[in-house]
Amino acid sequence: VQVSGGAPLRGHIVSVGKALPTVLGPRFPHGVAFEKPVEPSLVRQWVSHPQRRTHPRAEVRFGVDYTHEGTTDFGMCLNLCDRGFFIATRRPLAPESVVSLRFTLPDASKPLSVRGRVAWISDDENDPAVITGMGVQLLDLDPKAAAEIGALVDRLSADAFKGNAS
C-alpha cells in the first residue's frame, strides 16, 4: 500500500468481507496486517481524516457525449453526484479542460446539455484494473437540471441503501 506518496507499506490481506455489487463488478471490503509497525501519527491521520465524499454518489450507467475545442467524443457515466460524475472513456481530456456535455439521465425523456470541467483523470496503461476516464465537475447548472440530477442521485442512493440493508 502506498499512501500520499510515502514509502510503500507491505502487508497481507487478513480478512475479506461480503462482496458489494457495483457497476464495475463486485468489490470486497478487506483488512490488512502490515509487516512492520506503522507510524502512529499516520494511523491517527487515517482515522481522523477518512476520505469521505461530501456528496452522495449513485452508481449509474448512461452514455455521455462531450465536446472540447470542436471535437466530440463519447463516454459512459459510471457514477453521479449532484456536483459531477465519472466518465469512462479511452480518451480522457487534460485536467482543467472545459467541456460541453450532452446526456439523457435514466428514465428521463429529454437530454440535458451542460458545461463541465475535468477535475481529474484516471489512466494507467500498466494496470488493467484501472478504469480509464475522467472526473467532471458540472458548471453553471440551471435549477431544473440540478433538480433532475439531485432527484436521481437521491432515488438511486436510497435504493442502494435499501439493497444493502437486506
Side-chain angles (χ1 to χ4, degrees), residues 3-4 15-31 45-125 127-166:
V3 180
S4 301
S15 66
V16 178
K18 180 179 172 185
L20 301 172
T22 73
V23 296
L24 306 176
R27 297 292 185 243
F28 298 87
H30 56 278
Q45 179 183 358
W46 289 341
V47 173
S48 63
H49 300 294
Q51 293 183 344
R52 292 187 183 138
R53 291 187 163 132
T54 56
H55 303 281
R57 291 196 179 267
E59 293 182 7
V60 293
R61 189 174 288 254
F62 60 83
V64 179
D65 290 319
Y66 59 94
T67 303
H68 176 68
E69 296 181 348
T71 301
T72 299
D73 213 331
F74 177 81
M76 185 66 64
C77 178
L78 298 183
N79 71 44
L80 172 72
C81 77
D82 63 349
R83 302 272 196 264
F85 47 71
F86 178 75
I87 301 172
T89 177
R90 293 176 190 243
R91 292 174 288 282
L93 299 170
E96 302 302 322
S97 298
V98 175
V99 294
S100 297
L101 304 157
R102 185 169 171 85
F103 55 91
T104 302
L105 295 172
D107 302 327
S109 59
K110 293 184 180 181
L112 295 174
S113 295
V114 300
R115 286 181 347 110
R117 177 188 66 83
V118 177
W120 56 275
I121 62 168
S122 172
D123 186 12
D124 186 349
E125 294 175 0
D127 186 350
V130 173
I131 297 173
T132 301
M134 55 191 175
V136 178
Q137 175 188 13
L138 300 175
L139 303 174
D140 310 323
L141 274 181
D142 69 64
K144 184 179 178 189
E148 284 184 62
I149 292 169
L152 176 64
V153 171
D154 289 347
R155 181 174 55 83
L156 293 175
S157 296
D159 290 350
F161 180 74
K162 287 177 196 171
N164 288 338
S166 306

Closest non-hydrogen atom pair, Pro95 against Ala119:
CB-O, 4.3 Å
Sort and list the pairs that fulfil ring-ring contact (aromatic ring centres under 6.0 Å, His included) and have at least one residue in residues 75-115, not counting sequence neighbours.
Phe62-Phe103, Phe85-Phe103, Phe86-Trp120
Does anything in residues 63-80 form a salt bridge (Lys or Arg N to Asp or Glu O under 4.0 Å)? List the pairs, not counting sequence neighbours.
Asp73-Arg91
Please list, chain by chain and in numerical order, all residues satisfying side-chain hydrogen bond (donor to acceptor under 3.5 Å, both in side chains) with Ser97, sequence neighbours excluded.
none
Over all atoms of both residues, closest heavy-atom pair of Pro106 and Arg155
O-NH2, 4.5 Å
In sequence, state the C-alpha distance, the side-chain angles, and the governing distance for Arg90 and Thr132, and then conclude on side-chain contact (heavy atoms from CB on, under 4.5 Å).
CA-CA 6 Å; Arg90 293 176 190 243; Thr132 301; 5.6 Å; no
Between Ile149 and Leu138, does a side-chain contact (heavy atoms from CB on, under 4.5 Å) hold up when you go through it step by step?
CA-CA 11 Å; Ile149 292 169; Leu138 300 175; 3.7 Å; yes
Which atom names give the shortest non-hydrogen contact between Arg102 and Pro111, and what distance separates them?
NH2-CG, 3.2 Å
What I'd like to find out is whether the side chain of Leu112 reaches to under 4.5 Å of the side chain of Leu141, using heavy atoms alone.
no
Can you find a heavy atom in the side chain of Val118 that is under 4.5 Å from one in the side chain of Pro92?
no
Is any side-chain heavy atom of Ile87 closer than 4.5 Å to one of Leu101?
yes
Could you check whether any side-chain heavy atom of Leu78 comes within less than 4.5 Å of a side-chain heavy atom of Arg61, counting everything from C-beta outward?
yes
Determine the minimum heavy-atom distance between Leu156 and Val60, stating which atoms define it.
CD1-CG1, 3.3 Å
Non-neighbouring partners of Phe74 that pass ring-ring contact (aromatic ring centres under 6.0 Å, His included), sequence neighbours left out
none
Once side-chain contact (heavy atoms from CB on, under 4.5 Å) is applied, do any residues pair with Ala108, and if so which ones, sequence neighbours excluded?
Thr104, Leu105, Glu148
Mind checking the CD1-OG1 spacing from Ile131 to Thr89? Nearest 0.5 Å is all I need.
12.5 Å
Partners of Tyr66 by ring-ring contact (aromatic ring centres under 6.0 Å, His included), sequence neighbours excluded?
none
Residues passing the side-chain contact (heavy atoms from CB on, under 4.5 Å) test with Thr67, sequence neighbours excluded, are Thr72, Ser100
Applying salt bridge (Lys or Arg N to Asp or Glu O under 4.0 Å) to Glu96 and not counting sequence neighbours gives Arg117
